[in-house]
Amino acid sequence: MSDRAMPESSGAVAQDRQPNSSLRHVLVVGGTLCDWADLDDSTWQARVDELGRFCAGLGVQWLTLRAYESGPDAASDLKLWTHLVDGCEVIVDPCGDGRQRFAEAMQRLDPDDEVNEATVVASLYEPADSEPDLVVVLGPPTQLPPSLVWELAYAELVFLPITWAELRADDVADAVADFSNRRRRFGGLDE
């Protein structure tokens with residue numbers, strides 16, 4: 001994956017999927033930076049287009065792809081980039097360290113602005129304008145990714161026992177179906 005921005009997609013929105021108004025932002029977390037670097041530009045383009053097209057068909061405005069963790073021998077030349085696919089903005093975020101991402105977001109805040117949940121969210125997820133509703137974690141449900149720090153409070157988590165190399169739109173569809181059958185508590189407990 002190079003550090004250049006990919007061109008905008010012009011594919012049509014799939015007509016067979018029903019929009020899901022409760023999903024604005026989906027975050028998929030998987031692979032190490034070495035796994036990410038193993039994908040060439042055309043494979044990245046195909047993956048981003050496939051996942052973006054699927055999410056756009058559901059009415060999702062933002063899809064973030066994030067590394068699970070940096071991993072050993074992490075590639076340092078991977079940069080954050082975005083790509084518009086049928087109205088869904090796909091954000092490819094290679095930062096595998098949630099603490100680093102949080103610290104960088106705090107440094108971007110204007111010192112004259114009040115630090116509150118809204119300003120932190122705006123800085124953490126830009127260019128997205130909302131927290132993720134659904135976090136899809138590739139891997140076993142016994143460990144949370146170190147790339148997630150802030151996202152765990154209100155998002156619904158779905159774990160998929162697949163690797164980054166295996167990820168396809170059908171897997172995200174399974175996670176969305178699971179999400180659709182849940183009653184969101186936004187960090188609260190059942191009564």
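These numbers come from a predicted model, not from an experiment.
Shown here for Leu33 and Leu78, the closest heavy-atom pair between the two residues is O-CD1, 3.7 Å. Nearest heavy atoms, Cys34 versus Pro72: SG-O, 3.0 Å. Counting all heavy atoms, side chain and backbone alike, Cys55 lies closest to Val172 at SG-CG1, 4.4 Å. Closest approach of Gly52 and Val85 over heavy atoms only: C-CG1, 3.7 Å. Nearest approach of Trp62 to Ser130, heavy atoms of both residues: CD1-OG, 4.5 Å.
The shortest side-chain heavy-atom distance between Tyr125 and Ile91 does not fall under the 4.5 Å cut-off. A 4.5 Å side-chain heavy-atom check between Val26 and Asp133 finds every atom pair outside the cut-off. Counting only heavy atoms from C-beta outward, the side chains of Leu63 and Val28 approach each other to under 4.5 Å. Inter-residue side-chain proximity for Leu27 and Leu134 is flagged as unmet; no heavy-atom pair is nearer than 4.5 Å. Here the side chains of Leu144 and Leu157 are in contact, with some heavy-atom distance below 4.5 Å. When side chains are defined from C-beta on, Phe54 counts as touching Val176, because their heavy atoms get closer than 4.5 Å. Proximity of Asp171 to Leu167: side-chain heavy atoms (C-beta onward) are separated by under 4.5 Å at one or more points. Within the 4.5 Å cutoff, the side chain of Pro94 has heavy atoms near those of the Trp36 side chain.
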Hey, mind stepping through Asp97 and Arg101 against salt bridge (Lys or Arg N to Asp or Glu O under 4.0 Å) and telling me if it holds?
-> CA-CA 6 Å; Asp97 184 338; Arg101 185 184 324 79; over 6 Å; no
Verdict with reasoning, Val29 to Val136, per side chain to side chain contact (heavy atoms under 4.5 Å, CB included) | CA-CA 6 Å; Val29 181; Val136 180; over 6 Å; no
Evaluate side chain to side chain contact (heavy atoms under 4.5 Å, CB included) for Val158 paired with Val135, printing each intermediate quantity in order.
-> CA-CA 6 Å; Val158 175; Val135 176; over 6 Å; no
Would Phe159 and Leu138 satisfy side chain to side chain contact (heavy atoms under 4.5 Å, CB included), going step by step from the backbone distance to the final call?
-> CA-CA 6 Å; Phe159 290 86; Leu138 307 183; over 6 Å; no
Side chain to side chain contact (heavy atoms under 4.5 Å, CB included) between His25 and Glu131, worked out = CA-CA 7 Å; His25 189 178; Glu131 293 179 276; 5.7 Å; no
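With hydrogens and angles disregarded, no donor-acceptor distance shorter than 3.5 Å links the side chain of Asp178 to the backbone of Asp174. In this structure, the side chain of Asp49 does not engage the main chain of Ala46 through any donor-acceptor pair within 3.5 Å. A donor-acceptor pair is defined here as one N or O able to donate and one able to accept, closer than 3.5 Å; no such pair exists between the side chain of Thr32 and the backbone of Ala67. Without hydrogens or angle criteria, Thr43 side chain to Leu39 main chain gives no donor-acceptor distance under 3.5 Å. The backbone N or O of Val120 lies less than 3.5 Å from no partner atom in the side chain of Ser123, so there is not a single donor-acceptor pair. Distance alone, capped at 3.5 Å, places no donor-acceptor pair between the Asp93 side chain and the Arg66 backbone. No donor-acceptor pair closer than 3.5 Å links the side chain of Gln61 to the backbone N or O of Arg24.
Leu23 CG to Ser180 OG: the interatomic distance, rounded to the nearest 0.5 Å, is 6.5 Å. Once rounded to the nearest 0.5 Å, the distance linking CZ of Arg182 with OG of Ser22 reads 12.0 Å.
Checking Ser42 against Gln45 by side-chain atom types alone, no donor-acceptor pair falls below 3.5 Å. Side chains of Thr82 and Glu89: a donor on one and an acceptor on the other come within 3.5 Å.
Aromatic ring centres of Trp164 and Trp44: separated by under 6.0 Å.
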